[in-house]
Colleague: 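Right, I'll just put the structure down here and ask away after.
Computed from a predicted model, the values in this text were never measured in an experiment.
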Amino acid sequence: MASKVFFTDMRVVSDYGLLEKLDALMKRAGMDSIDFKDKLVAVKITFAERGNMAYIRPGYIARVVKRIQELGGKPFLVDSNTLYYGSRSNAVDHLETAMLNGFNRIEVGCNALIADGLTGLDSTDIEINQKYVKTAKIGSAIAEADVFISVSHFKGHQMTGFGGAIKNIGMGSGSRRGKMEMHAASKPKIQKENCVSCGKCIQHCAQAAISYDENKKAQIDYDKCVGCGQCVASCHFEAAVALYDENAATVGAKMAEYTYAVLHGKPNFHINIMMDIGPECDCWSVNDQALVPNIGMAASFDPVALDRACVDMVNQAPSVPNSALYDKKEYKADSDKFEHVHPDVTWRDTLVHAEEIGVGTQVYELVKIK
């Protein structure tokens with residue numbers, strides 16, 4: 001059975017701008033049918049790296065927050081710490097980045113939280129018993145919320161082909177331990193030149209697998225290590241690091257399974273905003289020329305159908321000259337844009353697996369609204 005995906009383009013008229021169109025989209029797509037009364041509502045976005053200018057403008061998020069509040073909910077913006085080391089790898093830097101990028105109470109009308117706490121250790125285990133992930137490690141502020149709303153910037157992604165609702169929900173809700181599970185098949189390693197002998201990794205290793213060597217540098221006993229990633233999450237000096245060694249298809253499948261863990265049994269709704277559709281993720285500290293012109297906004301209760309509809313709309317859109325589409329081999333107008341930019345990634349893998357495990361369906365009916 002087809003899932004409904006509601007869509008509005010970027011054309012406006014006097015007194016009916018993009019924010020009013022977003023209001024209409026949420027209403028027509030049925031977000032109001034969720035019982036928000038006195039519920040804690042996680043509004044999952046990405047706060048984006050410092051220097052990136054393509055992320056969703058805070059004004060759109062403020063409109064979503066306002067509607068939830070009007071329906072009696074208690075919304076909060078939320079994201080989880082990154083596994084890589086940047087301006088969002090701990091809650092102090094992460095919240096400062098969020099504030100600088102406009103995701104603050106004055107601009108959006110609610111508070112921002114970091115789901116997995118100060119250093120990524122605040123994680124809730126959710127048993128799902130899927131093909132790759134048996135127990136998902138979800139940031140606790142997301143796991144404990146009553147209602148889950150995702151608002152995603154739809155764009156390309158270097159590892160999964162595109163980043164939309166499933167990327168925002170699955171990868172974005174995983175704690176640092178969870179992100180390590182999605183990215184890595186092997187166990188972490190110690191870069192001894194970065195080790196300052198602080199002992200945090202030893203303190204947080206539940207398996208007693210880490211000790212000091214003769215130079216008082218951390219070392220891992222791989223006979224004891226179970227690959228949980230706690231050392232990576234607790235290290236502030238990029239000494240304990242994850243090995244990004246999963247292939248793209250497996251990362252996408254694990255991401256779909258984490259999405260299942262977040263959404264299963266919880267009221268949820270999803271919005272994708274198709275603006276500034278660059279080739280890479282907002283986790284980059286820069287953003288490239290858009291691949292296609294701005295398309296619009298789409299919403300659905302089904303994140304799989306939503307992402308598939310957005311991929312199709314991007315592929316049907318005209319390409320932008322001087323974009324990454326023209327950097328590699330000869331580009332043809334009817335090419336799959338995301339596969340052309342990221343030829344080693346098949347974006348379909350993520351959607352196929354998400355469909356197989358019951359997250360949603362790729363069969364959709366596109367309902368256009370003004």
Colleague: A quick test of your reading: do over 12 heavy atoms of other residues, nucleotides or ligands sit less than 6.0 Å from NZ of Lys217?
Modeller: yes

Colleague: Run the salt-bridge test on Asp23 and Lys27 with the 4.0 Å N-O cut-off and return the result as yes or no.
Modeller: no

Colleague: Looking only at side chains, do Asp307 and Asn272 share a donor and an acceptor under 3.5 Å apart?
Modeller: yes

Colleague: Can you tell whether the side chains of Asp276 and Arg57 come within less than 4.0 Å, N to carboxylate O?
Modeller: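 Between Arg57 and Asp276 there is a salt bridge, with a charged N closer than 4.0 Å to a carboxylate O.
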
Colleague: Could you check whether the rings of Phe338 and Phe162 sit parallel, tilted or perpendicular, using 30° and 60° as the cut-offs?
Modeller: tilted

Colleague: Can you tell me if Asn101 uses its side chain to pair, donor with acceptor, with the backbone of Arg50 under 3.5 Å?
Modeller: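 Looks like no, no N/O pair under 3.5 Å.
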
Colleague: May I ask you to decide if Thr97's main-chain N or O and Ser87's side chain share a donor-acceptor pair within less than 3.5 Å?
Modeller: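 Side chain of Ser87 to backbone of Thr97: no pair is present.
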
Colleague: Counting only heavy atoms not in Asn322, do more than 12 sit closer than 6.0 Å to its CG atom?
Modeller: no

Colleague: Would you say the side-chain atoms of Ser300 pair up with the backbone N or O of Val5, donor to acceptor, closer than 3.5 Å?
Modeller: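 No; zero donor-acceptor contacts below 3.5 Å.
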
Colleague: Identify which one of Val232, Leu83, Asn81 satisfies the side chain to side chain contact (heavy atoms under 4.5 Å, CB included) criterion when paired with Lys179.
Modeller: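 Between Lys179 and the candidates, side chain to side chain contact (heavy atoms under 4.5 Å, CB included) is satisfied uniquely by Leu83.
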
Colleague: Going by side chain to side chain contact (heavy atoms under 4.5 Å, CB included), Val304 matches just one of Ile166, Thr350, Val363, Thr259. Which one?
Modeller: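 In the set Ile166, Thr350, Val363, Thr259, the residue that makes a side chain to side chain contact (heavy atoms under 4.5 Å, CB included) with Val304 is Ile166.
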
Colleague: Is the backbone of Met53 close enough, under 3.5 Å, to the side chain of Asn287 for a donor and an acceptor to pair up by distance?
Modeller: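 Here the side-chain-to-backbone pair exists.
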
Colleague: Ser175: which residues meet the side chain to side chain donor-acceptor pair (under 3.5 Å) condition with it, sequence neighbours left out?
Modeller: Ser123

Colleague: Can you name the residues that form a salt bridge (Lys or Arg N to Asp or Glu O under 4.0 Å) with Glu127, not counting sequence neighbours?
Modeller: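 Partners of Glu127 by the salt bridge (Lys or Arg N to Asp or Glu O under 4.0 Å) criterion come out as none, since no residue qualifies.
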
Colleague: For the backbone of Cys225 and the side chain of Lys187, can you confirm whether one donor and one acceptor N or O come within less than 3.5 Å of each other?
Modeller: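 Yes.
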
Colleague: Decide if the gap between the ring center of Phe7 and the ring center of Tyr364 is smaller than 6.0 angstrom.
Modeller: no

Colleague: Considering only NZ, NE, NH1 and NH2 on the basic side and carboxylate oxygens on the acidic side, decide whether Lys368 and Asp9 come within less than 4.0 Å.
Modeller: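 Salt bridge between Lys368 and Asp9, a charged N being under 4.0 Å from a carboxylate O: no.
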
